[in-house]
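We use all heavy atoms of the structure for the numbers below, so side chains are in, but hydrogens, waters and symmetry mates are not.
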Amino acid sequence: MPIRKEDRKFYGSPWRALSRRIRFGRAGGRCERCGAIHGWLHPQSGKLVALTVHHFNFTPGDDREENLIAVCQACHLELERPRHTASARITRQRRKDAQRPLLLLQM
(Lines give C-alpha, C1' and ligand atoms only; values in the text may rest on other atoms or scores of the structure.)
Protein backbone atom coordinates (compact mmCIF):
# COMPACT_ATOMS: atom_id res chain seq x y z
CA MET A 1 0.00 0.00 0.00
CA PRO A 2 1.30 3.45 -0.74
CA ILE A 3 2.09 5.39 2.41
CA ARG A 4 0.20 8.66 2.77
CA LYS A 5 2.38 11.76 2.87
CA GLU A 6 1.15 12.71 6.35
CA ASP A 7 1.98 9.22 7.66
CA ARG A 8 5.53 8.94 6.31
CA LYS A 9 7.04 10.06 9.63
CA PHE A 10 5.93 6.72 11.11
CA TYR A 11 7.78 4.60 8.55
CA GLY A 12 11.50 5.22 9.16
CA SER A 13 14.23 2.68 9.86
CA PRO A 14 12.63 1.40 13.13
CA TRP A 15 9.51 0.51 11.12
CA ARG A 16 11.52 -1.27 8.44
CA ALA A 17 13.19 -3.46 11.08
CA LEU A 18 9.88 -4.18 12.83
CA SER A 19 8.16 -4.95 9.52
CA ARG A 20 10.92 -7.37 8.56
CA ARG A 21 10.69 -9.08 11.97
CA ILE A 22 6.90 -9.47 11.63
CA ARG A 23 7.02 -10.71 8.00
CA PHE A 24 9.98 -13.07 8.20
CA GLY A 25 10.46 -13.79 11.89
CA ARG A 26 6.97 -14.22 13.29
CA ALA A 27 5.19 -15.13 10.03
CA GLY A 28 8.04 -17.15 8.55
CA GLY A 29 7.64 -15.49 5.14
CA ARG A 30 3.99 -16.50 4.81
CA CYS A 31 0.79 -14.46 4.75
CA GLU A 32 -0.80 -14.85 8.17
CA ARG A 33 -4.28 -14.91 6.58
CA CYS A 34 -4.04 -17.14 3.50
CA GLY A 35 -0.58 -18.72 3.78
CA ALA A 36 0.78 -17.36 0.48
CA ILE A 37 4.60 -17.47 0.46
CA HIS A 38 6.70 -14.33 -0.07
CA GLY A 39 8.51 -14.46 -3.42
CA TRP A 40 6.36 -17.29 -4.80
CA LEU A 41 3.31 -17.06 -7.05
CA HIS A 42 0.03 -16.47 -5.23
CA PRO A 43 -2.14 -19.64 -5.30
CA GLN A 44 -5.28 -17.74 -6.42
CA SER A 45 -4.04 -14.79 -8.48
CA GLY A 46 -0.84 -16.27 -9.89
CA LYS A 47 0.99 -13.00 -9.13
CA LEU A 48 4.29 -12.75 -7.30
CA VAL A 49 3.70 -12.40 -3.55
CA ALA A 50 5.28 -9.53 -1.63
CA LEU A 51 4.40 -9.54 2.06
CA THR A 52 3.38 -6.30 3.73
CA VAL A 53 2.40 -5.46 7.31
CA HIS A 54 -1.12 -4.26 8.09
CA HIS A 55 -2.22 -2.27 11.17
CA PHE A 56 -5.50 -3.79 12.38
CA ASN A 57 -6.69 -0.47 13.82
CA PHE A 58 -5.53 1.55 10.75
CA THR A 59 -3.33 3.71 13.01
CA PRO A 60 0.24 4.20 11.78
CA GLY A 61 2.52 4.47 14.78
CA ASP A 62 0.52 1.96 16.86
CA ASP A 63 3.19 -0.68 16.34
CA ARG A 64 2.24 -3.14 19.06
CA GLU A 65 2.81 -6.64 17.70
CA GLU A 66 -0.80 -7.64 18.46
CA ASN A 67 -1.93 -4.77 16.18
CA LEU A 68 0.19 -5.97 13.24
CA ILE A 69 -0.22 -8.82 10.76
CA ALA A 70 1.95 -9.96 7.85
CA VAL A 71 -0.22 -10.24 4.74
CA CYS A 72 0.08 -10.67 0.98
CA GLN A 73 -1.15 -7.92 -1.35
CA ALA A 74 -4.53 -9.61 -1.91
CA CYS A 75 -5.24 -9.96 1.81
CA HIS A 76 -4.00 -6.41 2.50
CA LEU A 77 -6.41 -5.02 -0.10
CA GLU A 78 -9.24 -7.04 1.42
CA LEU A 79 -8.46 -5.74 4.92
CA GLU A 80 -8.24 -2.15 3.63
CA ARG A 81 -11.41 -2.34 1.49
CA PRO A 82 -13.75 -0.61 4.03
CA ARG A 83 -11.30 2.28 4.40
CA HIS A 84 -10.79 2.60 0.64
CA THR A 85 -14.55 2.55 0.05
CA ALA A 86 -15.13 5.31 2.61
CA SER A 87 -12.25 7.37 1.22
CA ALA A 88 -13.56 7.03 -2.34
CA ARG A 89 -17.02 8.14 -1.21
CA ILE A 90 -15.55 11.26 0.42
CA THR A 91 -13.46 12.03 -2.68
CA ARG A 92 -16.50 11.72 -4.99
CA GLN A 93 -18.53 14.02 -2.72
CA ARG A 94 -15.76 16.63 -2.59
CA ARG A 95 -15.48 16.63 -6.40
CA LYS A 96 -19.25 17.00 -6.69
CA ASP A 97 -19.26 19.87 -4.17
CA ALA A 98 -16.37 21.59 -5.99
CA GLN A 99 -18.31 21.51 -9.27
CA ARG A 100 -21.48 23.11 -7.84
CA PRO A 101 -20.26 26.73 -8.15
CA LEU A 102 -19.26 26.05 -11.77
CA LEU A 103 -22.73 24.72 -12.57
CA LEU A 104 -24.35 27.82 -11.08
CA LEU A 105 -22.13 30.10 -13.20
CA GLN A 106 -23.15 28.27 -16.37
CA MET A 107 -26.87 29.02 -15.82
*Asks:* Between Glu32 and Val71, is there a donor-acceptor pair closer than 3.5 Å when you use the side chain of the first and the backbone of the second?
*Replies:* no
*Asks:* Between His38 and Leu51, is there a donor-acceptor pair closer than 3.5 Å when you use the side chain of the first and the backbone of the second?
*Replies:* yes
*Asks:* Are Leu18 and Tyr11 co-members of a hydrophobic cluster defined by side-chain heavy atoms under 4.5 Å apart?
*Replies:* yes
*Asks:* Should the pair Trp15 and His55 be assigned to parallel (<30°), tilted (30 to 60°) or perpendicular (>60°) ring geometry?
*Replies:* parallel
*Asks:* Does Arg23 use its side chain to pair, donor to acceptor, with the backbone of Ser19 at less than 3.5 Å?
*Replies:* yes
*Asks:* Any non-hydrogen side-chain atom of Ile69 less than 4.5 Å from a side-chain atom of Phe56?
*Replies:* yes
*Asks:* Give the C-alpha distance, both sets of side-chain angles, the deciding distance and a yes or no for salt bridge (Lys or Arg N to Asp or Glu O under 4.0 Å) between Arg64 and Asp62.
*Replies:* CA-CA 6 Å; Arg64 295 170 293 127; Asp62 183 355; 2.7 Å; yes
*Asks:* Does Asn57 reach the main-chain N or O of Asn67 with its side chain, forming a donor-acceptor pair under 3.5 Å?
*Replies:* no
*Asks:* Looking at CD of Gln73 and NE2 of His42, how far apart are the two atoms once the value is rounded to the nearest 0.5 Å?
*Replies:* 7.5 Å
*Asks:* Using atom types as modelled and distance alone, determine if a side-chain donor or acceptor of Thr85 lies under 3.5 Å from a backbone N or O of Arg83.
*Replies:* no
*Asks:* When rounded to the nearest 0.5 angstrom, what is the spacing between SG in Cys72 and NE2 in His54?
*Replies:* 12.5 Å
*Asks:* How long is the straight-line distance from CZ of Arg94 back to OG1 of Thr91, given to the nearest 0.5 Å?
*Replies:* 6.5 Å
*Asks:* Is there a continuous path of hydrophobic side-chain contacts, each under 4.5 Å between heavy atoms, that joins Val53 to Leu79?
*Replies:* no
*Asks:* Please determine if Asp97 and Arg95 form a salt bridge, counting it only when a charged side-chain N lies under 4.0 Å from a carboxylate O.
*Replies:* no
*Asks:* For the pair Glu78 and Arg33, find out whether any cationic side-chain nitrogen is under 4.0 Å from an anionic carboxylate oxygen.
*Replies:* no
